[in-house]
Amino acid sequence: MIDPKIIREKKEIVIEALNKRGASFDMERLVAVDEERRVLIQESEKMKQEKNELSDEIGRIRKSGPIPKEKIDHLKELGTKIDELERRLKEVEREWEEMSLLIPNIPDKTVPIGTTEEENKVVKVWGEKPDFSFEPKPHWEIGEGLDILDFKRAAKITGSRFTLYKSFGALLERALINFMLDLHTEEHGYTEVLPPFIVNRDSMTGTGQLPKFEEELFKLEGLDYFLIPTAEVPVTNIFSNEILKEEELPVRFVAYTPCFRKEAGAHGKDTRGLTRQHQFNKVELVKFALPENSYEELEGLLLDAEDVLKKLGIHYRVSLLCTGDLGFSSAKTYDIEVWLPGQNVYREISSCSNFESFQARRAKIRYRKGNGKIEFVHTLNGSGLAIGRTVMAVLENYQQADGSITVPDVLIPYMRGIKRFPL
RNA sequence: GGAGAGGUGACCGAGUAGGCCGAAGGUGCUCGCCUGCUAAGCGAGUGUACGGCUAAAACCGUACCCAGGGUUCAAAUCCCUGCCUCUCCGCCA
């Protein structure tokens, strides 16, 4: 949610931001609703004041004598009027909130303006495309050939877009999770958390998945609970409705969780391999920062995520997303795109964003400043990294001419010492 | 799943024959004083949100004693529903 004061006093800023994103929104309507809301608040509160005063008076009179009937009648009448006003106010407030929750965040000034991902800006490149003496295969061919990824049986067990990992494949997945958790806790200063994988509606609304993207989520039958699409949701909501101390910030959490997504808008897209699954693992980085240095924290977060690929020795580049490609809640996002030689593409493996106070305002995450004032924190998060996509990257980049896979050095301790598969 | 108990401010903890309770007291914290010894004493202050007024405060008003309804002129206090916690029993990774 963006600051209601900005909508009220500087709606041009919001309109301009929406235009840059290519989003449409009836701002005039929202401003009108806001105005009506405030008028109703004033009217009803004035009446409540009168009612409270008269009620107190009756409390005092009662001690010394009978209560005049006309006073009670007058109060009853006031009560009826207040009820009416409150009913209208409730409707107006609901509309106001529904609308407010649908406005995307305002992009940071440094975000390039554009409409599609074509206009994202590559801002960093690390390493280079490896040379192969043979035609590198896509990971699904490697995986099925070595019998470490079984898509057919996963489809039998559940359906499409699920994977059964076997032997070296399962071990590699688990090794990557542990490697990343250790790296971020031991070298980058994050605290590990293991949150619930199911959350309620408030949490989903707090981080911005709801109300707009419900069709992307798996909802539990008969309950207002959802499977998490990313650890961002439970971890960011750790501090919902809390007031932190300024000196506690920044707080940095790292969490491993599975993620569940319907991929409703992706029919027929990325249907082969691990790229786009209904269930995948991810190690996520989440930060709560002071507003004045949240952008430094974003750069740091990006470096922390990049470090995983550096240590794995896999070529990647970093793109700064343009306004048209920016996620709903984000003010600024970097994507890390890993090189996949078997598919001859760069593929997003991490998305690092600063949400500024957008999520904090929805989830009511605040902090008390030195001078006693209370403000919203800034929240940030980024994948560090998506595990399934890292498995793709390892398989495709470390495949050998004989069809085997060598294990990146940093993973060997996490792989029971295995250096190559098959041996 | 069965039977009980309970959810009050940063924390502990009063307050249930409805009004004088945004809420005693204590602890913690902040500021000031005092003291000089690894501590104590004294004084003051210390919830949040929304609305109004402000340059900004101060200030005024409204709401909030888990959440949502209800009864009443009036509810932390009474009634209903939900959520959560605790104890006992049952069941179970």
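Proteins get letters first, then strands, A, B, ... in listed order; numbering begins at 1 in each.
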If the cut-off is 4.0 Å, is [X] near the phosphate of [N], judged by side-chain N/O to OP1 or OP2?
X	N	result
A:R366	B:A49	yes
A:R37	B:G51	yes
A:N241	B:U48	no
A:R38	B:G52	yes

**Q.** From CA spacing to verdict: salt bridge (Lys or Arg N to Asp or Glu O under 4.0 Å), A:K311, A:D307
**A.** CA-CA 6 Å; A:K311 292 211 158 44; A:D307 200 26; 3.0 Å; yes

Q.
Applying a 4.0 Å non-hydrogen cut-off, can you work out what A:L78 is touching in the nucleic acid: base, sugar-phosphate, or nothing?
A.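 No contact.
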
Q) Within the structure shown, what part of the strands sits under 4.0 Å from A:R8 by heavy-atom distance: base, sugar-phosphate, or nothing? A)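 The answer is sugar-phosphate, as A:R8 gets under 4.0 Å only of primed atoms, P, OP1 or OP2.
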
In the structure shown, which nucleotide is the Watson-Crick or G-U wobble counterpart of [N], with both distances under 3.5 Å?
N	answer
B:C78	B:G70
B:C34	none
B:C92	none
B:U54	none
B:G47	B:C64
B:C11	B:G26
B:G18	none
B:U85	B:A5

Q: Could you verify whether a donor N or O on one side chain and an acceptor N or O on the other, from A:R420 and A:S404, lie under 3.5 Å apart?
A: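 Note: A:R420 and A:S404 side chains meet the donor-acceptor criterion.
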
Q.
Do A:S55 and A:N52 pair up side chain to side chain, a donor and an acceptor below 3.5 Å, judged on atom types alone?
A.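 On atom types as modelled, these side chains do not qualify, holding no pair under 3.5 Å.
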
Q. Side-chain contact, heavy-atom cut-off 4.5 Å: A:L320 with A:P112?
A.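 Answer yes - side chains close enough.
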
Q: Taking the side chain as every heavy atom from C-beta outward, state whether A:Y190 and A:V283 have any atom pair closer than 4.5 Å.
A: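 A side-chain contact is absent here, since even the closest heavy-atom pair is not under 4.5 Å.
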
Q: Please determine, for the side chain of A:R368, which listed nucleotide (B:G51, B:C84, B:U48) has the closest atom?
A: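 Nearest nucleotide to the side chain: B:U48.
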
Q: Figure out the CD/C1' separation between A:E242 and B:C11, and round it to whole Å.
A: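 Atom-to-atom, A:E242 to B:C11, this comes out as 14 Å.
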
Q | Separation of atom CD in A:E43 from atom C1' in B:G51, rounded to whole Å | A |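 Distance, rounded to whole Å: 13 Å.
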
[atom1] gap between [N] and [M], integer Å:
N	M	atom1	answer
B:G26	B:A14	P	15 Å
B:A56	B:G47	P	23 Å
B:U71	B:A10	P	32 Å
B:C86	B:G45	C1'	36 Å
B:A67	B:C11	C1'	23 Å
B:A75	B:G15	C1'	13 Å
B:C78	B:C20	P	16 Å
B:C65	B:G6	C1'	15 Å

Q: Report yes or no: is there a donor-acceptor pair, N or O only, under 3.5 Å between the side chain of A:Q49 and the base of B:G61?
A: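 Answer is no: no donor-acceptor pair is held.
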
Q) Does the ring centre of A:F218 sit less than 6.0 Å away from the ring centre of A:F226? A)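 No - the distance between ring centres of A:F226 and A:F218 does not fall below the 6.0 Å cut-off.
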
Q) With a 4.0 Å cut-off, would you call A:K419 and A:D409 a salt bridge? A)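 Salt bridge: no.
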
**Q.** Where protein sits on nucleotides 66-75 of chain B, one letter per nucleotide: B base, S sugar-phosphate only, - none, heavy atoms under 4.0 Å
**A.** ---S---BS-

Q.
Any side-chain to backbone donor/acceptor pair from A:S319 onto A:L321? Under 3.5 Å, distance only.
A.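 It does not hold such a pair.
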
Q: Given ring-ring contact (aromatic ring centres under 6.0 Å, His included), test A:F162 with A:H278 step by step and report yes or no.
A: CA-CA 6 Å; A:F162 286 88; A:H278 288 309; 5.5 Å; yes

Q | Residue mapping more 5' on RNA chain B - nearest nucleotide basis, A:K46 or A:I243 | A |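 Between the two, 5'-proximity favours A:I243.
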
